[in-house]
Every structure is written in structure tokens, then in C-alpha cells.
Amino acid sequence: MKPITASSVLPALREPVTLRTADGLSLVGELALPADRPPVATLVCLHPLPTAGGMMDSHILRKAAFRLPALASLAVLRFNTRGTASEQGTSEGEFGGGEAERFDVAAGIEFAAARRLPARWLLGWSFGTELALKWGNDPQVEGAILLSPPLHRASDADLDAWAGTGTPLVALIPEFDDYLRPAEARARFARVPQAEVIAAAGAKHLWVGERAVRVALGEIVRRVNPAAWPLPTDWPPPPDGLPPADGPPPADGPPPPDGPPPPDGPPPPDGPPSTERPPPTAGPLPTE
């Protein structure tokens, strides 16, 4: 057994995919499936703000794809919204300010449905939570998990629409978020009776560090496939009845350097999301 670290890539079937939007664009993506069994649930991932560096490889989404097919039997669909680039390629079109992206969200949901992927959940992070709230309230979706929702673009009317359908909403709110902290989040989401607001002690908007990553991924799995929770911290996991190896969880190392603030909010203090590769030179942060 080896500890799972920031650079761990666990076994999965990984397939480059292309999503087609109703307005005629091709979006670059990847589908990761469990290597040796059918998935029990699906995450359709919506990334942070692309004009500030957000993309399908933003670190929480990438680590979900690298770990959760093996650890939790989940299918993980990631894709770049219109005009967004990553090492997988660049999606067609131009950034639509969260409005034209309605077609991108629909394309992700429809792709997962066409592939008959089970129990489809939206997983949005920051700007991706705005897309989930505005455009993801779809009967083909089991629910939505929101990491660091700013609630800038999503309105009370959007929240009321979720309240009207009763579709589950889970909002994971960092204690030290730069845009929406737990007390305000509880007040904003109070209009959605089924919404669950979870305060993440010590976390920040960008979920930097292995401990923060484990909190986020653990809460996702706890809602989507509770039989797989808590997630093991070693791979392969110990046989049933044996405890995991002792020792504290590894750290990601020092946080990446700070970059300039995004155009629509205060600068997060902890820099851009980390990736498994050396961080780039300072640049815009993938926040809201």
C-alpha cells in the first residue's frame, strides 16, 4: 500500500470525448470510468471561471477524475466550457459570461444520459456552481454539489426554482471563503428547504492542500455513494478488517504563488488551484 498524494493517479478507464452543444459547438472533455466494474453514480463537472484560469483540469476536478473511479466507483465527466483551454485542447466558441454556457451544461447532462451513466450529479466549483444553479435544474439530474458557491450570477429566483423541484442541493462552504462564508450561505440557501449547507473548517475558496482536497472529495462521495465513505487514504486500500497504514496525510507542499485578483471579487489569499504538475508562473486565479 502507498499513501494517496496530490500526484496520485489511480486506475480507471479514461476516454477523450467531444460534447456537442445545441448551438453547434464542440467541447473538449474526458470521461473516467471504474476500471473493473460499472459505475454506481456519475459526476458531471463544471469548472471555475475560465477568464481567470478555470478549466476542466482545475485541481479538485482533476483529482476527482484521478481518484474517485477507483475509490468510489464513480464515473467522472469533465469538459472545457466554450472558449476554455487546457492540455486536452480548446473548446470551440467564446466565453459567454455564464449565459451562453447554458448550452454547455445541457450538453454535459445529455452526454451522460446518452451514455446511460447512472445517478447523474452536477459537481460545480465556484463559477461552475453558478452554471449548475442557473442551468442545471434538469429532470435528468439527481442533484447538485456546490463547492465554494459565490452566488454572484445565480439569483434568488434560481434558488427558488430548485426549491420548487425538490432536487437535492449540497453546498460545501469554506470557513475562510473570499466570497460566501458559512453564516451568509445558510441565510442565502434558507429559501431552498432541501439544501444542505456544510461548513468546511479551515478551508479556503481554492481548496489548496491535500487535507482540503480530502475534505471536498469525501463530502462529495458521502452524498453520491455513501457506501464508499469514508475514502481510504492508501492505494490499494487495506483488506476488510485491517486498519490503514498509520501516519498523517501528506501535504501538497507550499501553496502556489499569488496572482492578480479576478475581475469580479477580492483576491483569494492562497493562489491558484494546485495541479499535479509544477505550477505555472503567477497568473489569474480560477475563482468565481
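Just the heavy atoms: all of them, side chains too, but no hydrogens, waters or symmetry mates, feed the values below. Owing to the predicted nature of the structure, the values given are computational and were not obtained by experimental measurement.
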Check whether any side-chain heavy atom of [X] sits under 4.5 Å from a side-chain heavy atom of [Y], and report yes or no.
X      : Y      : answer
Ile173 : Pro149 : yes
Arg78  : Asp57  : yes
Val76  : Phe66  : no
Val44  : Val141 : no
Met56  : Leu61  : no

- Message: Please check if the number of heavy atoms outside Arg37 that lie under 6.0 Å from its CZ is greater than 12.
- Response: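 Buried by this count: over 12 neighbours within 6.0 Å.
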
Within the supplied structure, the quantity of interest is the number of heavy atoms (other residues, nucleotides, ligands) at a distance under 6.0 Å from Glu94 CD; does it exceed 12?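 Open.
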
N/O donor-acceptor pair under 3.5 Å between [X] side chain and [Y] backbone:
X      : Y      : result
His59  : Trp207 : yes
Glu130 : His152 : yes
Glu92  : Ser26  : yes
Arg82  : Phe103 : no
Gln194 : Trp162 : yes
Glu101 : Glu99  : yes

request  = Please assess Lys204 against Asp178 for the test salt bridge (Lys or Arg N to Asp or Glu O under 4.0 Å), listing each intermediate value before the final yes or no.
outcome  = CA-CA 7 Å; Lys204 298 180 181 180; Asp178 298 283; over 6 Å; no

| For Thr81 and Asp104, what are the C-alpha separation, side-chain angles and deciding distance, and is it a side chain to side chain donor-acceptor pair (under 3.5 Å)? | CA-CA 6 Å; Thr81 56; Asp104 305 352; 4.7 Å; no

When you look at Leu68 and Leu231, which way does the side-chain contact (heavy atoms from CB on, under 4.5 Å) test go after all the steps?
CA-CA 9 Å; Leu68 298 186; Leu231 291 173; 3.9 Å; yes

request  = Determine, stepwise, if the pair Trp121 / Ile145 fulfils side-chain contact (heavy atoms from CB on, under 4.5 Å).
outcome  = CA-CA 7 Å; Trp121 284 74; Ile145 298 172; 3.8 Å; yes

